Amino acid sequence: KYIRRSFLRKYREAPVFVQPDGARQSHSAQMCNCCGGGMQLISENFLEPGSQVIINSRDPRSDTLNHAIEEGYRAEVVWCQSHHRGTSHGFLIGVRFVPPPA
């Protein structure tokens, strides 16, 4: 069954930092595409589905999501699967943006 997406995707690559909730350090990742509801990333690090992360832009000049992630954006990991890109091994990750805690 085909399910229509709620948000229009922007296919744009951009370097980002991903910081798992509660962690002191972040790691580099590559955004593959994004939309108003979330984004797809490639990372060398596995992220547990259901976990919360903070995503920050690595390029302050980037217009990724209209500058929404420059200051950090909270997201929930929806899925994480093994991914091979050329000779490197990593993970393809889907995240959904969540509102900041009240």
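Note that the coordinates shown come from a computational prediction; the quantities given were computed from them, not determined experimentally. Just so you know, residue 1 is the first one in the sequence shown, and it goes up from there.
With sequence neighbours left out, Phe17 forms a ring pair (Phe, Tyr, Trp, His ring centres under 6.0 Å) with no residue at all. For Ala29, the side chain to side chain contact (heavy atoms under 4.5 Å, CB included) criterion is met by Val16, Val18, Ser43, not counting sequence neighbours. Residues satisfying the side chain to side chain contact (heavy atoms under 4.5 Å, CB included) test with Gln25, not counting sequence neighbours, are none. Here Glu76 pairs with Arg96 under the side chain to side chain donor-acceptor pair (under 3.5 Å) rule; sequence neighbours left out.
For Gln19 against Ser26, the heavy-atom pair with the smallest separation is CB-CB, 3.7 Å. Contact between Cys80 and Phe46 at its shortest, heavy atoms only, is SG-CD1, 3.5 Å. Nearest heavy atom pair, residue Met31 against residue Leu41, reads CA-CD2, 3.8 Å.
Atom-to-atom distance recorded for Gln40:CD and Glu13:CD is 10.5 Å, nearest 0.5 angstrom. With rounding to the nearest 0.5 Å, the separation of OH in Tyr73 from CE in Met39 is 9.5 Å. Distance check, rounded to the nearest 0.5 Å: OG of Ser28 to CD1 of Ile42 gives 13.5 Å.
The salt bridge (Lys or Arg N to Asp or Glu O under 4.0 Å) analysis of residues 26-36, with sequence neighbours excluded, yields no pairs. Under the salt bridge (Lys or Arg N to Asp or Glu O under 4.0 Å) criterion, the residue pairs touching residues 18-37 are Asp21-Arg74, with sequence neighbours excluded.
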